[in-house]
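Okay, so here's the structure we're looking at.
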Amino acid sequence: MNSQKQQPMLHHAHFRFYAGLNHFLSATAKQQTISYGFTGTPAIKDSIEAMGVPHVEVALILCNGISIDFDHPLHNGDYVSVFPVFKQLEAGRLSKVQPHPLEKACFILDVHLGKLARKLRMLGFDTLYRNDYPDEEIVQVAADEQRIVLTRDRGILKNSMVTHGYCLRSDQVDAQIAEVLDHFDLHEQVRPFQRCISCNGTLTSVDKEQIKGLLPSRTRQYYSSFYRCSRCGKLYWPGSHYRKMCEYLEKMCQGNTAEGKKIS
């Protein structure tokens, strides 16, 4: 007698994603309740990511009206509400699924975000970037150094080793800067002209006499304040582009730019 293996029973749960999390959903799934089919009792985290939403973007999960964590098993008929980070959300006794914010914001960016890396360094944020970073190295460095992963590839953010991260919605650098400052509430942490935009090293004041042999003649004549990168040695001074840079920073930071070093 031939025996036929019984197929696992297919269950269904109902998911609703709110606010910015709809960015990760298909057009037919946005802003509505989704019926999700599954077998067994998968963890809520696995189910959420299977629908395209990285776990680092999720702040709060309610299952049948009860606050749960990522490890909670999903059961047939469950109603799940998934919320992103809300600045004004009063969670009370609800259990937020994200770890506490890092004491100091520092970043590591994927290979497609070179322009954003330079702008974040201009604003004074510790920002690692290489145009040949493999995803595995980004994840490992982020875990080892407690860095926030910034990317437009949601796959990186689904890695369980990533605890802090954000998937940029825009492909325009100015809009990306606004996203990062708003999402992580960093306006008050802006300290412009503290880092080398080329290598991320810190800038220190240097006496003009020590470097005058390295300066163009007109620069020696008209400028007296200089700064040097502690890592790559690049020199900076308040040149003709300084005013435009200040205006740009003022616009990006909505008037919250802290006073910093002058830089060309």
Side-chain angles (χ1 to χ4, degrees), residues 102-135 137-138 140-142 144-152 166 168 170-181 184 186-253 256-264:
L102 300 175
E103 291 185 8
K104 187 174 182 180
C106 57
F107 303 96
I108 183 167
L109 278 57
D110 76 15
V111 298
H112 305 292
L113 299 175
K115 291 181 180 179
L116 177 61
R118 293 173 67 86
K119 292 296 178 67
L120 285 172
R121 290 167 181 171
M122 186 191 303
L123 293 172
F125 293 105
D126 181 353
T127 304
L128 296 185
Y129 168 80
R130 285 204 331 255
N131 61 10
D132 61 349
Y133 264 143
D135 290 355
E137 186 173 355
I138 291 175
Q140 190 63 57
V141 172
D144 292 344
E145 300 183 12
Q146 288 292 285
R147 291 183 177 272
I148 299 168
V149 177
L150 297 181
T151 181
R152 298 201 74 221
Y166 178 71
L168 294 151
S170 176
D171 59 0
Q172 300 299 312
V173 66
D174 288 353
Q176 291 172 346
I177 284 289
E179 284 185 47
V180 173
L181 294 180
F184 296 102
L186 296 178
H187 290 280
E188 297 299 326
Q189 295 187 34
V190 170
R191 298 293 183 271
F193 312 135
Q194 302 286 315
R195 289 188 173 272
C196 176
I197 61 176
S198 296
C199 78
N200 196 45
T202 56
L203 302 184
T204 56
S205 179
V206 59
D207 188 270
K208 181 178 179 179
E209 289 300 312
Q210 297 180 19
I211 58 168
K212 64 181 182 180
L214 303 175
L215 301 173
S217 58
R218 292 178 62 86
T219 300
R220 288 197 304 269
Q221 181 179 357
Y222 292 111
Y223 299 100
S224 58
S225 298
F226 296 90
Y227 300 89
R228 180 160 52 193
C229 175
S230 59
R231 179 176 297 171
C232 72
K234 185 175 180 178
L235 296 173
Y236 294 86
W237 59 90
S240 58
H241 298 302
Y242 174 64
R243 183 180 297 276
K244 291 183 179 179
M245 293 175 71
C246 289
E247 291 174 353
Y248 171 83
L249 292 172
E250 195 73 16
K251 177 183 175 182
M252 288 295 100
C253 300
N256 291 317
T257 301
E259 184 178 355
K261 292 185 177 70
K262 295 181 178 181
I263 190 172
S264 65

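- Evaluated for a side-chain hydrogen bond (donor to acceptor under 3.5 Å, both in side chains) with D126, the options Q194, R147, K104 yield exactly one hit, R147.
- Between the side chain of R231 and the main chain of C199, a donor-acceptor pair closer than 3.5 Å is present.
- Residue A175 comes nearest to S170 through the heavy atom pair CB-OG, 3.4 Å, listed as atom of the first residue, atom of the second, then distance.
- For T202, the side chain to side chain contact (heavy atoms under 4.5 Å, CB included) partners are R195, S230, not counting sequence neighbours.
- Of the inter-residue distances, the one linking I197 atom CD1 with R121 atom CZ reads 9.0 Å to the nearest 0.5 angstrom.
- Distance CG/L109 to CG/L168: 7.5 Å, rounded to 0.5 Å.
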Working note: Q189 + F184, criterion side chain to side chain contact (heavy atoms under 4.5 Å, CB included); need CA distance, chi angles, decisive distance, verdict. CA-CA 10 Å; Q189 295 187 34; F184 296 102; over 6 Å; no
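- Taken from OG1 in T127 to NZ in K119, the straight-line distance is 13.0 Å, to the nearest 0.5 Å.
- You'll find the side chain of V180 reaches within 4.5 Å of the side chain of F107, heavy atoms only.
- In this structure, Y129 and L120 have side chains that are not in contact, with every pair of non-hydrogen atoms separated by 4.5 Å or more.
- Closest non-hydrogen pair, F125 versus A105, comes out as CD2-O, 4.0 Å.
- Considering only heavy atoms from C-beta on, Q176 stays 4.5 Å or farther from K115 through its side chain.
- Counting heavy atoms from C-beta outward, I177 and L123 have side chains that approach closer than 4.5 Å.
- When side chains are defined from C-beta on, E137 does not count as touching Q140, because their heavy atoms never get closer than 4.5 Å.
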Show your working on side chain to side chain contact (heavy atoms under 4.5 Å, CB included) between L235 and F226 and close with a plain yes or no. CA-CA 7 Å; L235 296 173; F226 296 90; 5.6 Å; no
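- The nearest pair of heavy atoms linking Q146 to C106 is O-SG, 3.6 Å.
- One finds the CG atom of L181 at 11.0 Å from the CD atom of E188 (value rounded to the nearest 0.5 Å).
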Worked verdict on L128 versus I138 for side chain to side chain contact (heavy atoms under 4.5 Å, CB included): CA-CA 9 Å; L128 296 185; I138 291 175; over 6 Å; no
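- Rounding to the nearest 0.5 angstrom, the gap separating the CG atom in L214 from the OG1 atom in T219 is 11.5 Å.
- No side-chain heavy atom of C229 sits less than 4.5 Å from a side-chain heavy atom of S198.
- Side-chain contact check for Y223 versus L215: every heavy-atom pair is 4.5 Å or farther apart.
- Atom NZ of K208 has more than 12 neighbouring heavy atoms from other residues, nucleotides or ligands inside a 6.0 Å radius.
- To the nearest 0.5 angstrom, M122 atom CE is 7.0 Å from F193 atom CZ.
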